[in-house]
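Right, one structure below, let's go through it.
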Amino acid sequence: MSTQSIRSRPLDGLKVCDATWYGAGPIATRALANLGADVIRIETEKRPDGLRIAQPKPDGEESLNQSGYYNNFNAEKRSITIDLTTERGHELGIELVKWADVFATNMTARAIRQIGMTWENVQEANPGIIGLYEPMQGMTGPHSEFQGFGALLSAICGVNYLAGNENEPPIGVGTNYTDYVINPIHAAVAVMAAVRHKRRTGEGQLIDMSQLESSVSGMAGALFAWDNGQITYERLGNRVAYAAPHGAYLANETGDRPDHWVAIACMTDFQWAALSAVMEQPELADDARFNTLRDRKNNENELDEIVGGWVSRFKAPDAMNKLQSASVPAGMVQKASEVLQDPHLAAREFYAYPEHTEAGKRAYDGPGFRLSETPHEIRGPAPLLGEHTWEICSDVLGMDSGEIGQLMAEQILY
Amino acid sequence: MVGALDDIRVLDLSEPLGHYAGYLLANLGADVVKLEPPHGDDSRLWAPFLPDLDQPESSLQFMLLNVGKRGVTLDIYSETGRKVFLQLLAEFDVLLQSWTPQQMETLGLDQATLRELFPDLINASVTGWGLDGPYASFAYSDMVSLAMAGVMNLSGFEEGPPTQLPDQQGFHCASINLAAGVVAAILVREASGIAQDVEVSMHESLLMAEETAMQSADIRGIDRERTGAAPGLQVIKLPGMGLYSAQDGWVYAMAAGIAGSGFNGLLALMDLLNDSIADDLREEPYASVMAEFSNSAAAFRLMGDPEKMKEVSGVFAQVDELVTDFFRKYPKEKLYVEGQKLRLLIGTINGPQELSESEQLNDRDWFRTINDSGRGRELRYPGPPWQLKATPAVLRHPAPLLGQHNEEIFSAIGLGKSDIMQMSENGVI
């Protein structure tokens with residue numbers, strides 16, 4: 001690790017003024033930080049990021065520095081606490097805008113106005129800056145002031161409509177899904193594209209990133225089919241048009257892990273023949289009910305019964321390994337604790353465990369992509385609230401200790 | 001104004017899990033060429049299909065995720081095909097591929113070999129499980145990745161089976177990360193001259209989507225489970241949170257005080273619609289309990305305090321019944337628009353038709369129309385995921401027909417008409 005930790009990274013030297021909060025914004029700037037950018041998050045104690053308050057924390061813990069939800073999304077950033085709603089605080093915020101190459105926020109238009117960080121203000125202070133504005137539905141249009149979290153956006157953008165079973169309500173997928181990969185990593189791509197343009201031409205730009213547009217773009221199949229063929233979509237549970245069998249099947253429950261499911265998917269006739277052989281029913285591959293994908297789709301209930309019957313005889317890891325050794329796509333439905341112990345992820349050293357002053361060594365998700373020469377990796381923990389206020393005021397903003405102390409006393413810096 | 005990647009050339013050999021990455025790079029202005037085997041990409045045979053058109057040109061998924069690219073066919077596993085492929089690759093900045101380690105070995109094109117042959121190439125790999133580790137040779141599917149990544153375990157009803165996410169979210173998350181890796185690698189190549197390999201494992205690309213499940217297991221030793229329609233972060237059902245029936249469909253509300261106007265916003269919406277349920281909710285025993293938990297700090301703290309939750313759960317259930325009665329009486333669009341104007345966090349459950357007609361998306365001119373002359377019709381495409389104001393999105397070509405640009409692209413690398421015809425006769429293209 002010691003040689004690795006001195007290797008340069010893709011965004012070394014890039015300066016990011018980060019006024020994001022919750023999920024979709026902070027994960028985008030976290031990716032930039034793990035790629036080497038110097039990301040300074042502006043926070044306040046008066047109105048902290050809700051995730052600093054949220055669970056999970058150790059039992060009985062009330063500290064704003066212990067939330068695993070917050071910490072995982074903010075690895076390697078620096079934190080300065082400034083009350084941007086005060087006159088001097090706002091001036092300091094604008095100084096950070098002048099320092100930065102990128103200004104990022106996912107706040108609603110209303111909150112942006114409250115802290116005085118509209119695109120007009122930001123661009124006026126720093127004409128060459130890249131502004132990432134990531135409100136729920138974009139910066140223009142009749143719904144530009146509407147607000148919500150990922151779970152609400154999942155309703156609006158189609159996740160809920162498309163997920164689940166036909167005869168059951170559209171319950172969604174159990175999380176604020178769009179916040180975690182789709183929106184933040186789209187945003188990271190957009191910022192890096194804008195960085196390239198800036199390096200080539202010197203020109204900054206506004207990125208008006210509607211989380212609605214970004215989310216729909218990432219699941220547009222049903223919309224595209226409706227628009228160009230008036231094809232309607234019904235919720236199909238775990239089934240898909242392009243594969244059968246395709247489902248989650250309950251494994252043998254008598255072990256120490258009840259409720260263990262195995263996901264199995266056969267996209268090709270070859271995979272179906274291999275599955276039949278593993279089930280020791282090779283005659284099924286020639287069974288007229290199951291010959292082609294169309295046959296298997298037409299007789300999917302019977303198919304599911306056969307596959308489910310076989311899976312129920314085995315423990316989930318055994319079923320998975322038998323199937324995978326015959327090249328049938330199969331995997332256990334893992335719980336988070338099992339994912340943390342997943343031998344494959346362990347061998348690939350996916351999780352990082354940076355030391356955090358208050359929270360100790362906790363797991364952080366590794367990067368979603370890897371680079372062979374200039375690594376994308378987590379080199380440090382999330383910041384304590386205001387951990388870097390003093391050093392940023394002194395080193396970045398050039399303030400003397402007298403003024404810093406004074407502003408702290410006035411709770412403009414806190 | 002031109003795209004941010006207008007001088008970048010991308011050769012896209014990826015399987016369907018990488019198609020969206022090539023689509024994103026094309027949107028940024030890159031010249032993306034989709035290289036398919038002579039019989040076509042797998043997804044050309046996947047339903048649903050464009051009406052009144054035959055396969056392999058009618059798959060809507062193929063068209064959606066390959067629009068903006070040109071297309072060639074080539075059997076890279078044949079001797080001639082491999083030679084032509086290497087000749088072609090020399091013209092490109094970026095290779096997108098989804099070869100497993102075994103396929104690389106068969107082709108004799110592992111990362112080290114390609115690096116030696118093409119020192120300046122950005123070689124970007126997207127596979128189900130990554131290129132090393134005990135599962136590197138495992139077969140993959142979108143749903144299998146969702147399962148192994150812990151994401152599927154959170155989706156569905158508590159008692160029912162874990163439920164997949166819609167429209168190949170594993171493929172999309174892998175592709176978005178692949179595009180990010182490619183753009184990062186382009187920045188490095190330009191700054192320092194170093195070209196490098198990008199690697200995406202679909203499995204890993206999904207792990208952030210476990211939300212707090214990983215941290216909950218790590219910090220508290222507790223596995224989050226499926227919670228049905230209730231937002232999964234809750235320990236019990238908070239009133240005004242989650243899915244409700246409206247008069248003509250469904251709404252999703254988050255009125256329990258995490259942000260926005262919270263429960264008071266919900267009462268204000270009831271007042272606006274002259275609904276007397278607001279008066280009931282302003283009486284005891286409801287008023288004091290809801291007053292206490294209608295700010296975000298209190299609501300979050302409550303979620304971490306199961307004892308207190310139990311204490312108030314009876315009142316919560318009664319309040320939720322009244323809230324349910326309220327939502328059921330009004331059209332979803334009215335609840336959404338009027339509620340949001342009051343800063344209430346509420347949305348409608350939208351299907352494809354609602355999105356197609358969305359006032360917001362259409363006001364922003366998000367959709368794009370492209371004349372697909374090869375398929376003989378105008379097609380309406382979704383817009384890009386971002387609006388880069390100085391470098392707007394590019395949509396240069398309809399999705400390629402099978403082998404549509406063979407002649408154009410192969411002749412540009414010096415192959416004569418007779419070479420191309422011979423490759424065609426031998427089934428190489």
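Hydrogens, waters and symmetry mates play no part in the numbers below; they use all other heavy atoms, side chains included. Note on naming: letters A, B, ... go to the chains in the order of the sequence lines (proteins, then strands), and numbering restarts at 1 for each one.
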Answer with side chain, backbone, both or neither: which region of [X] has an atom nearer than 4.5 Å to a non-hydrogen atom of chain A?
| X | value |
| --- | --- |
| B:Q111 | neither |
| B:D142 | side chain |
| B:P51 | side chain |
| B:L28 | side chain |
| B:A174 | neither |

For the rings on [X] and [Y], is their centre-to-centre separation under 6.0 Å?
| X | Y | value |
| --- | --- | --- |
| B:Y381 | B:F367 | no |
| B:F138 | B:H203 | no |
| A:Y180 | A:F73 | yes |

What residue, out of [options], has the most heavy-atom pairs lying under 4.5 Å from chain A?
| options | value |
| --- | --- |
| B:M214, B:H172, B:E359 | B:M214 |
| B:L24, B:L165, B:D52 | B:L165 |
| B:A213, B:A184, B:P382 | B:A184 |
| B:G150, B:G181, B:S125 | B:G181 |
| B:M63, B:K341, B:M143 | B:M143 |

For A:H186 and A:S214, which I'm curious about, is there any donor-acceptor pair between the side chains at under 3.5 Å?
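Yes, a side-chain donor-acceptor pair sits under 3.5 Å.
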Looking only at side-chain N and O atoms, does B:Q169 offer a donor or acceptor that is under 3.5 Å from a partner on A:Y177?
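A:Y177 vs B:Q169: donor-acceptor pair found between side chains.
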Mind ranking [options] by heavy-atom pairs under 4.5 Å with chain B and telling me who comes out on top?
| options | result |
| --- | --- |
| A:L236, A:T108, A:T268, A:V216 | A:V216 |
| A:D342, A:V159, A:I231 | A:D342 |
| A:Y364, A:Y351, A:Y249 | A:Y351 |
| A:A155, A:A263, A:A347 | A:A155 |
| A:Q137, A:E168, A:M209, A:H197 | A:Q137 |

Can you check salt bridge (Lys or Arg N to Asp or Glu O under 4.0 Å) on B:R364 and A:E213, steps first, answer last?
CA-CA 10 Å; B:R364 283 166 61 81; A:E213 290 166 9; 2.6 Å; yes
Exam field: side chain A:S210 to backbone A:L212, donor-acceptor pair closer than 3.5 Å:
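Between the backbone of A:L212 and the side chain of A:S210 there is a qualifying donor-acceptor contact (under 3.5 Å).
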Does the distance from a Lys or Arg side-chain N to an Asp or Glu carboxylate O, for A:R370 and B:E204, drop under 4.0 Å?
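Salt bridge flag = yes for B:E204 with A:R370.
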Side chain to side chain, A:L153 and A:N183, heavy atoms closer than 4.5 Å
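Of all side-chain heavy-atom pairs linking A:N183 with A:L153, at least one is under 4.5 Å.
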Counting only heavy atoms closer than 4.5 Å, note whether A:E62 contacts chain B via side chain, backbone, both or neither.
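Side chain only.
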